[in-house]
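Notes for the one structure printed next.
Heavy-atom basis, side chains included; hydrogens, waters and symmetry copies ignored.
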Amino acid sequence: MSNRMWGGRFAEGPDAIMEEINASIDYDRKLYRQDIEGSKAHVRMLAAREIVAVEDAEKIAHGLDTIRSEIEAGEFTFSRALEDIHMNVESRLAELIGPAAGRLHTARSRNDQVATDFRIWVRDTLDTLDAQFADLIGALAERAEQHAGDVMPGFTHLQSAQPVTFGHHLMAYVEMFARDRSRMRDARKRMNECPLGSAALAGTSFPIDREMTAAALGFDRPTANSLDAVSDRDFIIEALGAASIASMHLSRMAEEIVIWCSAQFGFVTLSDKFSTGSSIMPQKKNPDAAELVRAKTGRIYGSLTALLVMMKGLPLAYSKDMQEDKEQAFDGLPSLSLALAAMTGMVRDLTPNTKAMKAAAGSGYSTATDLADWLVRVLGMPFREAHHVTGRAVAVAVERGVVLHKLPLAELQAIEPRITQDIYTVLSVDKSVRSRTSYGGTSPVNVRKQARRWLKALEREAARD
Ligand code: ARG
């Protein structure tokens with residue numbers, strides 16, 4: 001049997017494989033709510049413009065509500081023969097209300113319909129993600145304020161570089177996630193235009209009111225070009241692009257948590273709630289949540305790549321290739337959402353082992369720069385020379401097997417006679433971090449200020465909403 005929604009010119013039904021490759025209902029049923037809202041807005045507009053009779057529009061809107069309840073109650077039978085969510089809903093509407101259902105698709109095509117449904121889904125998902133970013137940023141800033149004065153090693157090349165504070169390290173991620181959040185907000189702003197009324201590709205001859213449907217569906221305005229509106233999927237690509245960058249940040253942080261949890265580092269302990277055990281090694285407590293956050297990055301990049309490649313050769317306007325956009329979005333954005341939730345949970349729950357961090361902060365001659373800076377500040381030595389003198393002091397310390405601040409004054413004076421006892425005041429890790437008061441630096445005062453600034457901003461935002 002040919003398709004009852006579009007089969008007028010067809011004598012035969014589709015091959016089984018055709019149905020298999022063509023049907024999207026297994027995944028686009030997720031759009032039922034957006035589809036029904038879009039259809040209701042459309043039919044109300046048709047009635048307002050006297051394109052369909054008010055009684056028919058009411059019947060249609062009522063029927064659509066019934067369908068929504070059926071789907072939510074699990075009583076709706078989805079059919080692959082009806083391809084997608086749009087035709088499943090419309091076909092059921094005909095069963096429920098009879099021929100009036102056939103008026104719903106006036107001045108509309110599945111092309112503008114799917115573009116509208118999908119934009120609403122992406123927009124709503126971006127809003128959920130926005131709240132999740134705020135949550136994560138808040139959790140990080142709170143922990144940073146608590147640990148603004150706790151010293152840990154700062155690394156470059158994963159080698160001890162200079163002491164920093166744990167709070168400062170967490171605040172670095174606050175900055176990254178805040179940029180991620182603003183990228184998502186930008187994407188949302190750009191995408192919030194309504195394709196409905198673009199019809200198949202060229203617009204329609206019916207006197208529709210696109211401002212009305214756009215406003216009813218929460219869009220800022222209708223899209224300005226019908227071809228563009230049904231052809232482009234840059235809005236989801238942009239969202240996945242921003243999601244990819246965010247997941248890269250999440251993955252770096254997850255990787256650090258994995259490293260910090262190892263016995264060799266021992267900088268943090270993850271709560272039992274975010275760890276798992278091993279079925280063979282009873283002693284194990286594995287940072288699985290962090291590992292999975294790291295792993296989700298692959299799926300999110302995968303979604304972005306799949307869509308970029310799928311879109312790149314398509315002529316205007318709609319091509320069926322574009323049906324493949326949804327599964328990627330439905331995987332990529334929820335993966336980010338899950339990763340954000342897991343990361344926020346870990347940040348709230350983890351226990352920093354401040355003693356272990358501090359001990360490690362002093363290793364690796366991490367205050368060598370402070371020694372060099374002292375030579376510059378107190379003796380007026382050019383930095384390059386001070387660097388050289390300090391290098392020699394480090395070499396002696398390495399040879400003796402002692403940390404810098406345990407090197408006897410006589411040894412230091414053998415290298416540079418003008419060095420005095422005062423040098424020891426800058427060689428401790430606490431002094432080192434406290435001295436780094438330049439804007440953006442690691443000093444506890446700075447970190448506390450930054451953490452409070454973010455927490456205040458979040459509070460103000462919450463009060464506004
Ligand atoms: N299921 C389709 C999709 O997701 C809906 C649009 C179909 N349009 C068409 N001209 N066949 O892309």
Side-chain angles (χ1 to χ4, degrees), residues 33-34 119-148 165-194 214-215 217-221 235-236 238-254 257 274 293 296 300 329 332-350 439-465:
R33 216 162 29 82
Q34 293 79 0
R119 278 198 197 221
I120 298 174
W121 184 87
V122 174
R123 183 187 68 196
D124 293 352
T125 306
L126 288 181
D127 288 343
T128 308
L129 290 170
D130 185 67
Q132 288 190 284
F133 273 111
D135 233 25
L136 175 55
I137 291 167
L140 283 165
E142 270 169 33
R143 300 307 310 259
E145 192 179 16
Q146 280 168 12
H147 297 286
T165 67
F166 187 56
H168 194 53
H169 200 113
L170 296 181
M171 288 307 294
Y173 284 107
V174 164
E175 294 292 328
M176 294 179 235
F177 294 131
R179 286 195 297 276
D180 292 330
R181 189 179 185 214
S182 89
R183 265 185 282 275
M184 296 270 176
R185 288 186 157 200
D186 267 3
R188 187 199 193 280
K189 249 184 255 159
R190 245 186 305 284
M191 70 162 292
N192 201 29
E193 296 184 342
C194 186
L217 296 170
F219 288 101
D220 296 329
R221 64 193 78 85
F235 61 90
I236 177 61
E238 188 174 0
L240 285 170
S244 293
I245 298 176
S247 72
M248 175 272 293
H249 288 147
L250 282 166
S251 183
R252 293 185 73 175
M253 186 165 183
I257 291 176
F274 287 95
V293 167
K296 294 287 179 205
I300 298 166
L333 294 186
S335 292
L336 178 65
S337 172
L338 196 52
L340 282 167
M343 184 56 88
T344 308
M346 282 189 282
V347 168
R348 287 228 160 86
D349 269 25
L350 59 76
Y439 181 74
T442 196
S443 79
V445 180
N446 261 352
V447 172
R448 228 165 263 130
K449 218 188 265 169
Q450 292 291 342
R452 288 213 188 106
R453 178 171 71 84
W454 279 105
L455 289 170
K456 281 246 167 63
L458 289 175
E459 266 168 39
R460 271 200 303 274
E461 193 188 296
R464 262 201 314 273
D465 296 343

[X] versus [Y], closest heavy-atom pair with distance:
X	Y	value
Pro334	Trp121	CD-CH2, 4.2 Å
Met171	Ala141	SD-CA, 4.0 Å
Ala339	Val293	O-CG2, 3.8 Å
Ile300	Ser335	CG1-CB, 3.9 Å
Leu458	Ala134	CD1-O, 3.7 Å
Leu217	Cys194	CD1-SG, 4.4 Å

Distance (rounded to the nearest 0.5 Å) between [X] [atom1] and [Y] [atom2]:
X	Y	atom1	atom2	answer
Leu140	Thr344	CG	OG1	7.5 Å
Glu238	Met184	CD	CE	10.0 Å
Gln34	Arg123	CD	CZ	9.0 Å
Ile236	Met191	CD1	CE	8.0 Å
Arg119	Arg188	CZ	CZ	12.5 Å
Ser247	Met343	OG	CE	11.0 Å

Is the shortest side-chain heavy-atom distance between [X] and [Y] below 4.5 Å?
X	Y	result
His147	Leu170	no
Met253	Val347	yes
Leu336	Leu250	yes

Should the pair Arg453-Glu175 be classified as a salt bridge under the 4.0 Å nitrogen-to-oxygen rule? yes

Answer yes when Arg183 and Asp180 have at least one side-chain N-carboxylate O distance shorter than 4.0 Å, and no when they do not. yes

Quick one: do Phe219 and Ile120 satisfy side-chain contact (heavy atoms from CB on, under 4.5 Å)? Show the steps, please. CA-CA 9 Å; Phe219 288 101; Ile120 298 174; 3.6 Å; yes

Could you tell me whether the side chain of Ser337 and the main chain of Leu333 form a donor-acceptor pair under 3.5 Å?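 No; judged by distance alone, with no hydrogens or angles, the pair does not exist.
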
Look at the rings of Tyr173 and Phe177 and say which category their plane angle falls in: under 30° parallel, 30 to 60° tilted, over 60° perpendicular. parallel

Hey, is CZ on Arg348 packed in by over 12 heavy atoms from elsewhere, all under 6.0 Å?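 Atom CZ in Arg348 is packed in, count exceeds 12.
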
